[in-house]
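Only a predicted model underlies this, so the values are computations on that prediction, with no experimental measurement involved.
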Amino acid sequence: MVDIVNIVSSGSLDLEIDLESLSDEIGPIADYDPEKYPGMYLRFGADIPLITVYRTGKYIITGANSKEEAYTVRERFLNLLSDLGVIEHPDDDWFSIQNHVCTAEFDQSLNLNALTVELGLKQTEYEPEQFPGLIYRPNSDLGVVLVFATGRVVVTGCRSLQDAEDVFSDLKKTLSEFI
DNA sequence: TGAGCGGCTCCTTATATATCAGCTTCGG
DNA sequence: CCGAAGCTGATATATAAGGAGCCGCTCA
């Protein structure tokens, strides 16, 4: 069982945007400081995913806890642009989920030095002086796993929740004899 | 030799995870 | 005034995006 903690998605409006005037029109929920970063930040509320909009019309949505939330925020964004007359149809772009960050857990603490050997040195990186987690890159190439001595796990780099679930269940299967 | 261009790296954002150093704050 | 406790920011992972800066290469 893995839980989604963050989803990164991106899309394109396929049109050039004047971020300076758009941020003025949107008001305080927009934050644009080109000296600091070329993207304009747009956040509908404190616990609502962040939208970063670029001059080229491309945008990214970070911080969603589900695929549905990412799509809902995208829809709200497109409706806002439609209301402002920036775009004509609130659905004429492409949009896709790019990354799932998930957490999972083994019900026991783990010896990461032994785990490094068990998983194979070429797929594993563990340098506790640099970072306390073990970095495991499965052959499936569906994602990357961070394993901690507490038994907690972070699965990232997955295109879908199914990929993250597959990565974690494969890891559990691989370690079924070990733990 | 220098201009120009392509490629690369870093910045920023979200998010869980854990461990260190360095800093501030507080009590005795 | 000093030790302890708490807090912050670094470390690493993935991913999209545009811009700045840097490096090396090619051609005039």
* Classify the nucleic acid contact of A:Thr103 as base, sugar-phosphate or nothing, counting any heavy atom under 4.0 Å across all strands shown. => sugar-phosphate
* To do: Could you check how far CD1 of A:Ile48 sits from P of B:dT15, rounded to whole Å?
  => 13 Å
* For C:dA14, take OP1 and OP2 only and decide whether either is under 4.0 Å from a side-chain N or O of A:Arg137. => yes
* Ring centres under 6.0 angstrom apart (A:Tyr41, A:Tyr59) -> no
* Asked: Between C:dG18 atom C1' and A:Tyr59 atom OH, what is the distance in whole Å?
  -> 17 Å
* Asked: Can you check side chain to side chain contact (heavy atoms under 4.5 Å, CB included) on A:Phe95 and A:Ile61, steps first, answer last?
  -> CA-CA 10 Å; A:Phe95 183 71; A:Ile61 297 177; 3.9 Å; yes
* **Nearest-angstrom distance from the residue atom OH of A:Tyr41 to P of B:dT13** => 4 Å
* In whole angstroms, how far is the P atom of B:dT15 from the CG atom of A:Asn65? -> 8 Å
* Residue A:Val154, side-chain heavy atoms: nucleotide from C:dT11, B:dA14, B:dA16 that is nearest -> B:dA16
* Decide, applying a 5.5 Å centre-distance limit and a 30° plane-angle limit (both strict), whether A:Tyr54 stacks on C:dA17. => no
* Asked: Can you name the nearest heavy-atom pair linking A:Gly120 to A:Thr124, along with the distance?
  -> O-OG1, 2.9 Å
* Asked: At under 4.0 Å, does any side-chain N or O of A:Arg152 touch on OP1 or OP2 of B:dA16?
  -> no
* To do: Would you check if there is a donor-acceptor pair between the side chains of A:Asp18 and A:Ser21 at a distance under 3.5 Å?
  => yes
* Please figure out whether A:Thr156 or A:Ala149 has its closest DNA chain B nucleotide nearer the 5' end. => A:Thr156
* To do: Classify the nucleic acid contact of A:Ile135 as base, sugar-phosphate or nothing, counting any heavy atom under 4.0 Å across all strands shown.
  => sugar-phosphate
* C:dA17 C1' sits how many Å from A:Ile17 CD1, rounded? -> 13 Å
* Value in whole Å for how far the P atom of B:dA18 lies from CG of A:Leu110 -> 11 Å
* **Spacing of A:Ile7 atom CD1 relative to B:dT15 atom P, expressed in whole Å** => 12 Å
* Please determine if a side-chain N or O atom of A:Arg55 lies less than 4.0 Å away from the OP1 or OP2 oxygen of C:dG19. => yes
* Check the pair A:Gln98, A:Ser96 against side-chain hydrogen bond (donor to acceptor under 3.5 Å, both in side chains), reporting the backbone distance first and the verdict last. => CA-CA 6 Å; A:Gln98 303 292 347; A:Ser96 63; 3.1 Å; yes
* Would one find more than 12 heavy atoms of other residues, nucleotides or ligands at under 6.0 Å from atom CG of A:Asp47? -> no
* Is the NZ or CZ atom of A:Arg76 both under 6.0 Å from the centre of the six-membered ring of A:Phe44 and within 45° of that ring's axis? -> yes
* Sugar-phosphate only, base, or nothing, as touched by A:Ser9 at under 4.0 Å among non-hydrogen atoms -> nothing
* Would one find a side-chain N or O of A:Gln130 under 4.0 angstrom from OP1 or OP2 of C:dA12? -> yes
* When you check the phosphate oxygens OP1 and OP2 of C:dA14, does a side-chain N or O of A:Arg159 lie under 4.0 Å from one of them? -> no
* How does protein reach along nucleotides 5-11 of chain B, written 5' to 3' as B (base within reach of a heavy atom under 4.0 Å), S (only sugar-phosphate), or - (no contact)? -> ------B
* Is there side-chain contact between A:Phe148 and A:Leu110, with at least one heavy-atom pair below 4.5 Å? -> no
* Asked: Closer to the 5' end of DNA chain C via nearest nucleotide, is it A:Val144 or A:Thr52?
  -> A:Val144
* Structure fact -> Separation of B:dT19 atom C1' from A:Phe148 atom CZ, nearest Å, is 10 Å
* Given B:dA18, C:dT13, C:dT15, which nucleotide is nearest the side-chain atoms of A:Gln98? -> C:dT15
* Structure fact -> Per atom distances to the A:Asn99 side chain, the nearest of B:dA14, B:dT17, C:dA14 is C:dA14
* Structure fact -> Judged by nearest nucleotide, the residue sitting upstream toward the 5' end of DNA chain C, A:Thr56 or A:Val8, is A:Val8
* Answer with base, sugar-phosphate or nothing: what part of the nucleic acid does A:Glu127 contact at a heavy-atom distance below 4.0 Å? => nothing
* Output the single nucleotide from B:dT15, C:dG18, B:dT17 whose closest atom is nearest the side chain of A:Val5. => B:dT15
* Asked: Within the modelled atom types, does a donor on one side and an acceptor on the other bring the side chain of A:Ser10 and the base of C:dA16 under 3.5 Å apart?
  -> no
* Where do A:Ile97 and A:Ala70 come nearest, in terms of heavy atoms and distance? -> CD1-CB, 4.1 Å
* Look at all strands and tell whether A:Thr150 reaches a base, only sugar-phosphate, or nothing, counting heavy atoms closer than 4.0 Å. => sugar-phosphate
